[in-house]
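Positions are given from 1 along the sequence.
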Amino acid sequence: MSILHDLAATIEARKGADPDSSWTAKLLAKGPEKCAEKFGEEAIEAIIEAVKGDRAKLTSEAADVLYHFLVMLAARDVALDDVLAELARRQGQSGIAEKAARPKG
């Protein structure tokens, strides 16, 4: 998991960078909504490649999804470790039981 932590740290460091010098800074400067939109676009591209069955293209798109997911989290000041802690909390639970226990709304 260290590569994800490294990437999250790099993204966090780019928050104050010049948008003309960094793609990450450029995305973050456009705001959380644009970051979320870009994440959605990349997720759709990954879905398309999963349906097609092209492993190499799916691998590439999956990397894009992870990157843009981390950018979206950074745009809303959500730490990767917070997401990982939530996954750890759910570990060992039935997915059906966990979903049923979530607040409605």
Side-chain angles (χ1 to χ4, degrees):
M1 284 296 219
S2 69
I3 189 68
L4 287 179
H5 281 104
D6 292 349
L7 182 55
T10 299
I11 290 166
E12 193 65 30
R14 297 288 194 276
K15 277 186 170 182
D18 178 3
D20 291 331
S21 68
S22 163
W23 171 249
T24 301
K26 185 177 284 198
L27 282 173
L28 290 167
K30 291 180 179 181
E33 295 82 5
K34 185 64 177 176
C35 293
E37 180 184 323
K38 188 63 179 163
F39 169 72
E41 290 170 8
E42 295 299 336
I44 290 168
E45 290 174 11
I47 291 165
I48 290 167
E49 295 308 331
V51 170
K52 287 181 179 178
D54 186 321
R55 290 176 52 93
K57 287 184 180 176
L58 176 56
T59 299
S60 177
E61 292 300 338
D64 290 346
V65 167
L66 289 174
Y67 164 76
H68 285 91
F69 177 68
L70 293 175
V71 170
M72 181 179 65
L73 291 178
R76 287 292 187 195
D77 295 318
V78 175
L80 173 60
D81 283 340
D82 292 343
V83 176
L84 296 176
E86 177 61 16
L87 285 173
R89 185 189 69 76
R90 294 179 185 185
Q91 192 172 8
Q93 260 184 78
S94 158
I96 293 170
E98 188 279 328
K99 188 169 183 175
R102 289 184 194 170
K104 303 291 185 229

Intermediate values then yes/no, side chain to side chain contact (heavy atoms under 4.5 Å, CB included), Asp81 and His5: CA-CA 8 Å; Asp81 283 340; His5 281 104; 2.6 Å; yes
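The distance from atom CD1 of Ile11 to atom CG of Leu28, rounded to the nearest 0.5 Å, is 7.5 Å. Rounding to the nearest 0.5 Å places CG of Leu66 at 10.5 Å from CD1 of Ile3.
Every residue two or more places apart in sequence or in another chain that forms a ring-ring contact (aromatic ring centres under 6.0 Å, His included) with Phe69 is listed here: Phe39.
Tracing side-chain contacts under 4.5 Å through hydrophobic residues (I, L, V, M, F, W, Y), one never reaches Tyr67 starting from Ile44; they form parts of separate clusters. Cluster annotation: Leu7 is connected to Leu27 through the hydrophobic network of ILVMFWY side chains, with a link wherever side-chain heavy atoms come within less than 4.5 Å. Val51 and Leu58 are assigned to two separate hydrophobic clusters, defined by single-linkage of ILVMFWY side chains at heavy-atom distances under 4.5 Å. A continuous path of Ile, Leu, Val, Met, Phe, Trp and Tyr side chains, each step under 4.5 Å between heavy atoms, connects Leu70 with Val78, placing both in one hydrophobic cluster. A continuous path of Ile, Leu, Val, Met, Phe, Trp and Tyr side chains, each step under 4.5 Å between heavy atoms, connects Leu73 with Leu84, placing both in one hydrophobic cluster.
Under a 3.5 Å cut-off, the side chain of Ser21 and the backbone N or O of Asp18 do form a donor-acceptor pair.
Among residue pairs with one or both ends in residues 37-61, those qualifying as side-chain hydrogen bond (donor to acceptor under 3.5 Å, both in side chains) are Lys34-Glu37, Lys38-Glu42; sequence neighbours excluded.
Of all the heavy atoms in Cys35 and Ala75, the pair that sits closest is SG-CB, 3.9 Å. Pro19 and Ala25 get closest at one heavy-atom pair: CA-CB, 3.9 Å.
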